[in-house]
Protein chains: 2
Amino acid sequence: MPNDSSKDGYHHGDLRNALLSAAEGLLVQHGPGGLSLREVARVAGVSHTAPYRHFSDKAALLQALARRGFERLHAAMTDAAAGVPHGPEQQLIAAGIACVRHAVNHAEITQLMFGGTLASTVDAAGDMSGRDAFAALQTIIESGISAGVFRQREPRELALVAWTSMHGLAMLMTAGLLEVDTGNPAALDQLVGSVASNVIYGIAR
Amino acid sequence: MPNDSSKDGYHHGDLRNALLSAAEGLLVQHGPGGLSLREVARVAGVSHTAPYRHFSDKAALLQALARRGFERLHAAMTDAAAGVPHGPEQQLIAAGIACVRHAVNHAEITQLMFGGTLASTVDAAGDMSGRDAFAALQTIIESGISAGVFRQREPRELALVAWTSMHGLAMLMTAGLLEVDTGNPAALDQLVGSVASNVIYGIAR
DNA sequence: ACCTGAACACCGTTCAAGT
DNA sequence: ACCTGAACACCGTTCAAGT
């Protein structure tokens, strides 16, 4: 049974990914914090010490999971913006919708990425932390400034409002602290669009 | 001997608060997730089963800690707004600064309040969840609408931009995902003020 | 009423040992 | 190289028992 004719994918280097997939499934089931390394190994069909061959730590496994999330988030946002050639405002709204949608569809991983659990570890890693997602927004802002549709300010400063508002919306929703029907995509898009357009045009006057 | 001359504070009903204080101290030291009920009891000087006389659960203790945080946050925001009679814009900025300051000064508790760890529990509780903090912002918005300085929209809709942007800023900072000198109060106030004023006046034009 | 100690079923992590 | 089982020091929670 160890040397079977059909390569089942485990047992020759794929274990790392099998562990990550198992961890992601359990994370969705039990929520962050309710994840045990031993159970991950159990689901993956290996002994509870096997994961240490691929991850130095439980934190390292969670970090790898978070990294995946950051990459998906970034991809979702840039893809959304690229699909909208109607100018920076619409691109910003599209990126915002993509950001919040990703958060709602991957609530547990979002909490893992931005929740404090990994804070010190992420801090140590330094190279992820949603920097790319922020950069994606800043790029849109810069093109908007050039086009004369956004204020002539530090792009970083304007991007920060967009980023914090979308991030705050995403976190409140994934934590279940905002009464909104996350199951209804249209309602969600409308809500995000409303926040984004208020960011763009301001609440004053 | 229950009525001793020296009331040491423990052992007659104060244990609940002693446990909460101990938990808060350990939370700051070890971060959320690194908190063990047994260690809380140890620090409080009681056996590791004593806490169950006051909290049904570890989650219940954390929830009580979070509730304290929500109350402090709400108080800080309303106090800040009340101290500024210069009109709704300045009140909004003051409330925002108070919100982020509270988050930075109580980073671990903030992560506990809004992080996903307690999500299901908070959801079950329902009566906290930062509703008061949001309501405080909405009150300022309403007075601003009446005074004609804010747009004539649903107050809830305008308050949501302010709330999400401040919340997002607070979460990014407490998670250590925003390069900013949290030790410098002036720089922090300036940053929050910048975000708040961009929320008010918009990034467009 | 309030607190205790022993007990149970779990963890994360380490390490000598197997193949 | 990769994986294992036993072992260690911890958990959260329960429960009969003490005062």
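Per chain, numbering begins at 1; letters A, B, ... match sequence-line order.
At the heavy-atom level, Arg42(B) lies under 4.0 Å from the strands shown only through sugar-phosphate atoms. Among the atoms of the strands shown, only primed sugar atoms or phosphate atoms (P, OP1, OP2) are found under 4.0 Å from some heavy atom of Ser36(A). Contact annotation for Leu61(B): no contact, since no heavy-atom pair falls under 4.0 Å across all strands.
If you check dC8(D) for Watson-Crick or wobble pairing at under 3.5 angstrom, you find it paired to dG12(C). In this structure dA17(C) sits in no base pair that meets the Watson-Crick or G-U test at under 3.5 Å. Base pairing of dC3(D) is not made with any nucleotide, judged by Watson-Crick or G-U wobble geometry with both donor-acceptor distances under 3.5 Å.
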* Asked: Should Tyr201(A) and Tyr201(B) be marked as a ring pair (Phe, Tyr, Trp, His ring centres under 6.0 Å) after you check the CA-CA gap, both sets of side-chain angles, and the distance that decides it?
  -> CA-CA 7 Å; Tyr201(A) 300 110; Tyr201(B) 300 109; over 10 Å; no
* Could you walk me through whether Phe114(B) and Phe114(A) pass the ring pair (Phe, Tyr, Trp, His ring centres under 6.0 Å) test, one step at a time? => CA-CA 11 Å; Phe114(B) 296 105; Phe114(A) 296 105; over 10 Å; no
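Tyr52(A) has a side-chain polar atom (N or O) that falls below the 4.0 Å cut-off from OP1 or OP2 of dT13(C).
Not a single donor-acceptor pair, N or O on each side, falls under 3.5 Å between the base of dT4(D) and the side chain of Arg53(A).
Set against dT4(D), dT13(C), dG12(D), the side chain of Val46(A) has dT4(D) as its closest nucleotide. In the set dC11(C), dA6(D), dC2(C), dA6(D) carries the atom at the smallest distance from any side-chain atom of His48(A). Checking dG12(C), dT4(D), dC11(D) against every side-chain atom of Leu37(A), the shortest atom distance belongs to dG12(C). Considering only side-chain atoms of Thr49(B), the nucleotide from dG12(C), dA6(C), dA6(D) that sits closest is dA6(C). Of the candidate nucleotides dC3(D), dT13(D), dC11(C), dT13(D) has the atom lying nearest to any side-chain atom of Arg38(B).
Rounded to a whole Å, the NE2 atom of His30(A) is 12 Å from the P atom of dC10(C). Rounded to a whole Å, the CZ atom of Phe55(B) is 15 Å from the C1' atom of dC2(C). Look at CG on Leu15(B): it is 13 Å from C1' on dA1(C), rounded to the nearest Å. The distance between atom NE2 of His54(A) and atom C1' of dC3(D), rounded to the nearest whole Å, is 9 Å. Across the protein-nucleic acid pair, Lys58(A) atom NZ and dC11(D) atom P stand 14 Å apart, rounded to whole Å.
Look at Arg153(B) and Glu142(B) and you find no salt bridge, because none of the NZ, NE, NH1 or NH2 atoms lies under 4.0 Å from a carboxylate O.
Judged by distance alone, the side chain of Arg151(A) and the main-chain N or O of Asn198(B) form no donor-acceptor pair under 3.5 Å. Formation of a donor-acceptor pair under 3.5 Å by the His106(B) side chain with backbone atoms of His102(B) is found in this model.
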